[in-house]
Amino acid sequence: NAGVTQTPKFQVLKTGQSMTLQCAQDMNHNSMYWYRQDPGMGLRLIYYSASEGTTDKGEVPNGYNVSRLNKREFSLRLESAAPSQTSVYFCASSEWPTSGYEQYFGPGTRLTVT
Amino acid sequence: KNEVEQSPQNLTAQEGEFITINCSYSVGISALHWLQQHPGGGIVSLFMLSSGKKKHGRLIATINIQEKHSSLHITASHPRDSAVYICAVSRGDQFYFGTGTSLTVIP
C-alpha cells in the first residue's frame, strides 16, 4: 500500500498562475484533508471532505477550491496564486471512528509563489 | 488562543539525555496524537492515546485527561531523534495542531 500520495513534490508559480495539487489514498478512508504548514504556525486546515461528494471549509479556505473526485482522490486548486500562498501543503486521510481517529499524511508539496 | 499549546518551542539536548515535551489543550477531545516530522520530510504518527500511557521503544507518551495535559518522553536520546514533534488533538474527525517542538540532539 502506498498510503497517501501527493503530486507534485515541489512547484514554483508566478503570481496569478493556477495549479492543482493532487492527493490520493489507497486505504479506503472516508475523510480527507488539506492543510498548509507555515513557519511558526501549526498545521492549518484549508478544506476537509468527510466523504465522497462532500467538502467543507476549514480555517483558511480563501483562495483555494477543492474537488473530491471519488473516494480515493481529493485535489486542491489555486485559481490565482498569490505570494501569501507560499507554503508546504499536506494532504491527509483518516477513517474516523473505525481506525481510532488516526490521521495519515502525504509527503507534502512545497509551493513557492513569486 | 490556540486550542493546543506545546512547550518548549525549541530544545537542544546531548546524546543520551532524557527529554520531555509538553502539550496542553483546551477543548474536549476524542484522542491526542503525537506526530514526528523530520527536516524536509513528511509527518508520521507516533502515538494516539485517549488515556494513560503508551510506550514504543525509547518513546513514551502519557496523558492526563483531567488536567488536559500530555507529555512525550524520549529516553536515551540519539541524534536520529532530531525532528519536530507535533502534538495534535482530535474531536471526532476534526484535528487541531500545536506549533511543534523542534528537537536537536547533539552527539
Side-chain angles (χ1 to χ4, degrees), chain A residues 2-10 23 25 27 29-51 54-60 68 74 87-112, chain B residues 1-11 21-52 54 56 61 63 65 70 72 83-102:
Chain A
V4 181
T5 57
Q6 286 182 239
T7 55
K9 289 193 175 177
F10 300 94
C23 173
Q25 51 91 9
M27 295 172 282
H29 287 169
N30 278 316
S31 299
M32 296 187 74
Y33 310 77
W34 275 107
Y35 296 98
R36 61 178 288 173
Q37 186 181 42
D38 301 294
M41 305 186 77
L43 287 156
R44 292 185 291 168
L45 182 65
I46 304 170
Y47 269 95
Y48 157 67
S49 172
S51 62
T54 68
T55 60
D56 288 291
K57 293 179 181 179
E59 182 184 353
V60 288
R68 184 74 183 268
F74 188 38
S87 188
V88 181
Y89 292 85
F90 288 96
C91 178
S93 71
S94 73
E95 186 58 21
W96 178 80
T98 56
S99 74
Y101 322 107
E102 188 165 7
Q103 205 167 49
Y104 297 83
F105 288 86
T109 296
R110 189 173 294 273
L111 175 67
T112 302
Chain B
K1 185 181 183 301
N2 201 2
E3 290 86 354
V4 180
E5 301 281 352
Q6 283 184 242
S7 64
Q9 282 190 317
N10 297 285
L11 183 55
I21 300 170
N22 295 299
C23 175
S24 297
Y25 55 94
S26 59
V27 296
I29 67 170
S30 308
L32 184 138
H33 309 255
W34 282 103
L35 311 170
Q36 182 190 56
Q37 184 176 26
H38 282 284
I43 300 169
V44 296
S45 178
L46 296 175
F47 293 103
M48 179 177 63
L49 64 165
S50 54
S51 65
K54 285 191 176 180
H56 184 252
I63 187 169
I65 297 292
S70 175
L72 176 68
V84 174
Y85 292 85
I86 301 169
C87 175
V89 298
S90 55
R91 300 180 67 181
D93 55 3
Q94 294 297 314
F95 291 78
Y96 304 89
F97 298 86
T99 54
T101 294
S102 179

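Quick caveat, the model's predicted, so the values are computed rather than measured. In what follows, every chain begins at residue 1, and chains take the letters A, B, ... in the order their sequences are listed.
- Side-chain rings of Phe95(B) and Tyr35(A) stay apart, their centers remaining 6.0 Å or farther from each other.
- With a 4.5 angstrom heavy-atom cutoff, Ile43(B) touches chain A via backbone and side-chain atoms both.
- In the displayed structure, Arg110(A) atom CZ is contacted under 6.0 Å by at most 12 heavy atoms of other residues, nucleotides or ligands.
- The closest side-chain heavy-atom distance from Gln37(A) to Ile86(B) is below 4.5 Å.
- Heavy-atom distances place no part of Glu59(A) under 4.5 Å from chain B, backbone and side chain included.
- With chain A as the partner, the residue from Ser50(B), Ala88(B), Ser102(B), Ser45(B) showing the most heavy-atom pairs under 4.5 Å is Ser45(B).
- With a 4.5 Å cut-off on non-hydrogen atoms, Leu45(A) touches chain B through its side chain but not through its backbone.
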